[in-house]
Structure formats: C-alpha cells, structure tokens
Amino acid sequence: MSENQIHLTFPDGTVRTYDKGTNALQIAQSISAGLARVALGAVLNGRQIELKRPINEDGEIKLVRWEDEEGKTMFWHSSAHLLAEALQEIYGDVKFGIGPPIDNGFYYDVDFGEQKISEDDLPMIEQKMHELAKQKNEFNWYLVAKDKAIDYFKKKNDHLKLDLLENLKDGDISFVEQGNFVDLCRGGHIPDTGYIKAIKLLNVAGAYWRGDEKNQMLTRIYGVSFPKKAMLDEYLARLEEAKKRDHRKLGKELGLFTFSQKVGQGLPLWLPKGAELRERLEAFMRNAQKEAGYSPVVTPHIGHKDLYVTSGHYEKYGADSFQPIKTPHEGEEFLLKPMNCPHHCEIYKSSPRSYRDLPLRLAEFGTVYRYEQSGELHGLTRVRGFTQDDAHIFCRPDQVKDEFKKVIDLVFKVFNALGFEEYVAQISLRDQEDRSKYIGSEANWDRAESDIIEAAAEKNLNTVIAYNEAAFYGPKLDFMVNDAIGRSWQLGTIQVDYNLPERFELEYVGSDNDKHRPVMIHRAPFGSLERFVAVLTEHCAGEFPLWLTPEQGIILPISDKFMHYAEKVLHELNKCDIRVSIDERAEKIGKKIRDAELKKVPYMLIIGEKEVENEQVSVRKHKHGDLGSMSIEAFKEVIAEEIKV
RNA sequence: GCCGAUGUAGCUCAGGGGUAGAGCGCGUCCUUGGUAAGGACGAGGUCAUGGGUUCAAUUCCCAUCAUUGGCUCCA
C-alpha cells in the first residue's frame, strides 16, 4: 500500500484503488464512459462533491446522476447559485443569504435593499438565468483562509455572509465560483451551468433571516430547474393536476363548506353536503370509540378564565388568544375554550376515582377556538374554530404504554377505512438544549418520552424523531399526511401529559388505599374534523368512499315520461338508506350523464322505456361507464357490497 | 403578525379614466331525447369597503377588510 494511493468503496461493495488527487470524473471514466457522461457529482463519505474536486482520502464513494436524490440536490443547489448570479447581474448591489435545494427545487434568500421585487420580475430573471446557463460556466470549488473570506465579504459589505462566516469553524472556508459570481459554499455542484436547461421561477416570498422573526426580512425567490425542458413541462402539468385536488376548490364545487367575511375569517360554515359527510365520520368514530371502551361526555364552548389559569394555558397563550368575555354585572371572565382537556379534568374530579375505574376514557367532539395568526389561515386545514374528535384517557402510570398502543390501533382503523397509506409518524420530543420552556418535572418528561418511543416501536411504526417539537406540557406522537401540493399536515395526534393531572390535582385511590396521581393521554385520531375532511378531500380528489359520500347515486330519467318510475326507484332506494336523488331537468341523457360525472356522483341510474318495462335500472359507474341493466334489488347489493369493504 | 400577489355576475375569468363583458350555472319557453354539452329568450354586478387625485374613478393613488403564495407561529 502506497501513501500516494486511496481506497474507495463503491455502493456495490467493490473497493478500488486510485492515485491520490484523482477526481470523481476520472473515477467515473474508469468505470464506464456512460457513467462519466451522466454523472453530475459524487458523494464521498456522506459529503457531496464536484466531479473535478480532487479526492485525497479513503472512504465510500457514490457517483450520482440526476435520477439520484443527491443528484437532484446538487442540481438544484447549483441552480440557486445561477439564480444568485442572475440577480447580481440585474440588480447589482444585492446581498445574498442562503440558497439551498429543497424537496422540489430551490430558493435563494436575498436582501434587495431599497429595491422591490415582485412576481412580475421573475420572467426577466429567468431569462437572465438562461443566458448565463448557456455560457456553460464551470462551478469551481476552492478553499480560502477564513480571514480572507471575511475580508472578501466585508469589501462587498455583505452582512449576511459575514453573519454566516461568524458561525463557521476557523480554518479554510470553501468558495464556489461560476462566471462572475462567487459564493460562500460548502459544495456539491454540477460541473457547469450548461446542464441547467429548463428553469421556472415560481414565486416571491418574504422570509426572516435565519428563520427568526426578530431578524430582517429577506426576499425569497423559489424556483425549480431541470436538465430537460420536457421534465419541466411534466412538473408544471403535475402542479396543475394537484391544484384540481385542492380541497378549497373541491369544497366549493361539491358544496361541502364555505366561508363568510361577515361570520369572520377562519370560521368555516359547513353546507348540508359537507355536514352530512362530517356526521358520517363522527358516527364512524363514535362507533369505534364505543368498541374501544370510551365514554362520551359533552362540555360547553366556554369556560371560566380560572380554569385555564389552572391548566396553564392562560399563562402560555392568554395574550395571544381571543380575549376573555365578561359577564355584564359581575365582570367574571370566560374564555372560548381553546382545548377540551381542562373541562374533562373537571369531569374526572366530579367523583372520587378508584384504581378500578382506570383507565377512564372521556370522549367528546369538542369544538374549540384559537386565535391563529391571520397569515396562517388556510382553507379548512388551518382555521380559528374547529372540532376535535378529542378524548382524554386517565390511567395509571403503568397503563400508559398499553393505552398508547390502543390509540395507535384506533388511528390505523381510521387510516385503513379511508385509504391513507402514506403517512409519517412523528415523535415530538423536547428541545435538547433549552428545557426551560416546558412545564412539568424532568422525571415525568423522561418517562413520557420513553413510553411513546417504546409504544411506537412495539407497534412497528415508521417514525421520525423531531426534537423541539413537543407541546409545552408533554411529548407527542403525530400522524402527518401530505396534501395535494405536498404540504404536510398533522392529522391524528396522541400526547402524553403528566402535567395537567398535577395542576388539577387529579387523584385516584390505589389498591394500597393511598392516593395516587393519574396520567393523562390526549388523543384525536382525526385531529380536527375540518382538517381531516380537507386532507381526505385532496387524498381522494373529491371521490369519497361510497359509505361516506353525500350523494351515492343519481337517477337520470331519459324523459319526463319515466318520472313516475324514477320516483318509485328513489323511494325504494332511500328506504334502504341509499342516498340518491333524481335529475329532473328537461335535459338530454348525455347532458345529465356529463353533469353527474363532473359532480363525481359514484352511480348513475338511467331509466327509460326498457327499464320501466323490465322493472330495472341501467347502472353507470363514475369513471367506469355502463355496467348494464339490473333489478333494483341487484343494485342494492352492488352498493351493499362496496360499502362493506 | 411580516413579505409578495389578488379581489369584476352564483362559479371560472376577460376588460379598462367617460358607471361593464364571455363561458358555465340559474329562470322561462321550445324540444321528450338511450350512456360525457339540443335550441331560443331572459334575469343577475354600487366592479370588496372607505378615503384621495380628476370635469369624470370600477379603472390611478392611499388605507381597511378578505383571499392567496411564503416566513414566523401552531394548546
């Protein structure tokens, strides 16, 4: 073994030996010309590097192409540099923050000083990027001493990069240069700008420097880029498709819900069809909860301020909430309830509890009101008044894990019934550095956190751990599901709480005849009905499962001569709880079918002379077409069969 | 809350300093039709609200409200 050689392990396990200073491009060429042609960069010991960066160490290496996750990352990261270069060319003296790749594209945070940027400016910037891309400028990575780097950005008067530099370790700093643009950058770039063939700048947004609202707000430009024009077209087409699934659009089209400026922002109004659907979801959950040993309770929409002082919510959220309402004479203060748990604690306290009573599971579809920031409101997914399928489980400490697992089962029951296959189970734990922001003892937190982790592991959940995401009173397990345009929303949630029982001084008498403190588990499998319906709508693109959908079928008489029989069919089906209506309009059958298809009605029952004669209905299924004629009884069975699943 | 955009008929949107238009929907009539759009006629708008500029504002400017893309937040 020579000191001038390096040993590199490839993903398939083979080890190859090269001279020190060999670069990834040469390595790719040594494997195949094809690989060298498509390689965008390499990953060496977990670090992304350029093809031409000399390699001087042993380790694991992977050559990456566009098809690889890292390939896209490097491509988009490089595109961000290109964006910055274009901005510098156009606007001159602007300061650059950070420009990372994201899931679908990249952004750059920029301080434009006095200049204002709006979406109208994007095409011009895109144009400039294309120009610069055509120059095929190489991305050159090189090292600079830290003090030299500081000098460089001082000269440019770039406070953002200086701020970044301050937080970097001493020693050499890496720079990347392409064309006339030099940036502070760790690296991982594609060979040159010429690879970037298709660019679309998507939007302009404000973003706080370093994500802290105390800092200056920078202008963030989002974009996406591709090595081929066709890929961009495909991506944009997918975005258009996704927009069609947007629950705000579908909710309007299907008559599920609406908002009124007069009622107030973030306060949804459920229309008859939406309300019906929601009631069916509630019934589903009531049933499941009954089976799982929950007891229903009902509590009012407001509660005395003292209740929330006791719970700690007032201290934590009081100033940023809807303000208390006062009784006219006594001046007593009440809050719109932001949570159901304090009320449930009082129900727990309404009677002495024995260890034999535990676990006590109190369930309520509780409507709560929270003052969400106006900029955060979004359709039904983020609102100011919403109903949780809430329940609180009061149990002994040794029952926590078991109860937790039962709730996980309940969540899966929901997800299975509604076809949510893709979710992320996020375990939210404390901030590892700052523990001052949490209520409750260290020992309780430790125990709660380990209970969750163990329960999740025993249920084989695919989990991610998120530090600093816990509620202020306890750790939690959230089930996150994506919406149509890829945003992640929390649906089901399970939270351990060792804190409220203490604040409310909840007790039970143990088998030892001593008093003990119960543990609380907050849980909501749907989360909020509003958000759940929103995400469900997007998930199934408005084509709800038959058991849930407001309109299961529509009867389409070919002419009004058959209206009498249509009504007979209607009554026959309604009698069996099959939700159908009649399209009584004087339209041709093709028109009625088209409209029913557009309304996504699952079954169309066409009735004409033949059907009347044979006492049948001609069945047409949404998106499938004609299923042929059958008796009313047979159709009922079709429905029954589909609902069973 | 902060940065950007938007607000015209029930819906989707066009227009533009001289008080408005399309398609769909809706209503009436004709048509009574067989698996994704039959025809005619008609009703519908203080152009989000409040100020300002102007002889004149729906159009330009400012503010407010709402919606929207992000950021921050999210019991």
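Just so it is clear, the values below take in all heavy atoms, side chains as well, and ignore hydrogens, waters and symmetry mates. Throughout, protein chains are lettered first and strands after them, A, B, ... in sequence-line order, and every chain is numbered starting at 1. For clarity, every value in this text was computed on a predicted model and none was experimentally measured.
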OP1 or OP2 of [N] sitting under 4.0 Å from any side-chain N/O of [X]?
X        : N      : result
A:Thr219 : B:rC3  : no
A:Gln265 : B:rU67 : yes
A:Lys591 : B:rU35 : no
A:Tyr222 : B:rC71 : yes
A:Lys588 : B:rA37 : no
A:Arg248 : B:rU68 : yes
A:Arg487 : B:rG69 : yes
A:His624 : B:rU35 : no

Notebook entry, point to check: Has the side chain of A:Glu587 got a donor or acceptor atom sitting under 3.5 Å from an opposite partner on the base of B:rG39?
Noted result: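 Flag unset: no donor-acceptor pair detected.
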Note to self: Looking at A:Arg220 and B:rC3, is any side-chain donor or acceptor paired with a base atom of the opposite kind under 3.5 Å?
What the structure shows: no
Establish, from distance only, whether the side-chain atoms of [X] and [Y] form a donor-acceptor pair under 3.5 Å.
X        : Y        : value
A:Lys337 : A:Thr367 : no
A:Gln388 : A:Asn340 : yes
A:Asp111 : A:Trp209 : no
A:Glu615 : A:Ser631 : no

Between [N] and [M], how far is it from one [atom1] atom to the other, in whole Å?
N      : M      : atom1 : result
B:rC2  : B:rG42 : C1'   : 49 Å
B:rG7  : B:rC62 : P     : 15 Å
B:rU53 : B:rU58 : P     : 15 Å
B:rC61 : B:rG16 : P     : 15 Å
B:rU64 : B:rA9  : C1'   : 25 Å
B:rG1  : B:rA43 : C1'   : 45 Å
B:rG44 : B:rU31 : C1'   : 26 Å
B:rG25 : B:rU32 : C1'   : 23 Å

Considering every strand and a 4.0 Å limit on heavy-atom distances, what is the contact class for [X]: base, sugar-phosphate, or nothing?
X        : result
A:Glu609 : base
A:Ala205 : base
A:Ser311 : nothing
A:Glu253 : nothing
A:Asp626 : base
A:Gly211 : sugar-phosphate
A:Ile558 : base
A:His522 : nothing

Next item on the list: Give a yes or no on whether a salt bridge exists between A:Glu551 and A:Lys600, defined as a side-chain N under 4.0 angstrom from a carboxylate O.
Entry: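 Salt bridge: no.
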Notebook entry, point to check: 5'-most contact on RNA chain B: A:Cys341 or A:Leu377, nearest heavy atom basis?
Noted result: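 Upstream on the strand: A:Leu377.
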Margin query: Here's a test of your reading of the structure: between A:Ala471 and A:Tyr208, which maps to the more 5' nucleotide of RNA chain B?
Written below: A:Tyr208
Next item on the list: State whether A:Tyr371 and A:Arg384 meet the cation-pi test: NZ (Lys) or CZ (Arg) under 6.0 Å from the six-membered ring centroid, and within 45° of the perpendicular axis.
Entry: yes
Checklist line | N-glycosidic conformation, B:rG23 - syn within 90 degrees of 0, else anti | finding: anti
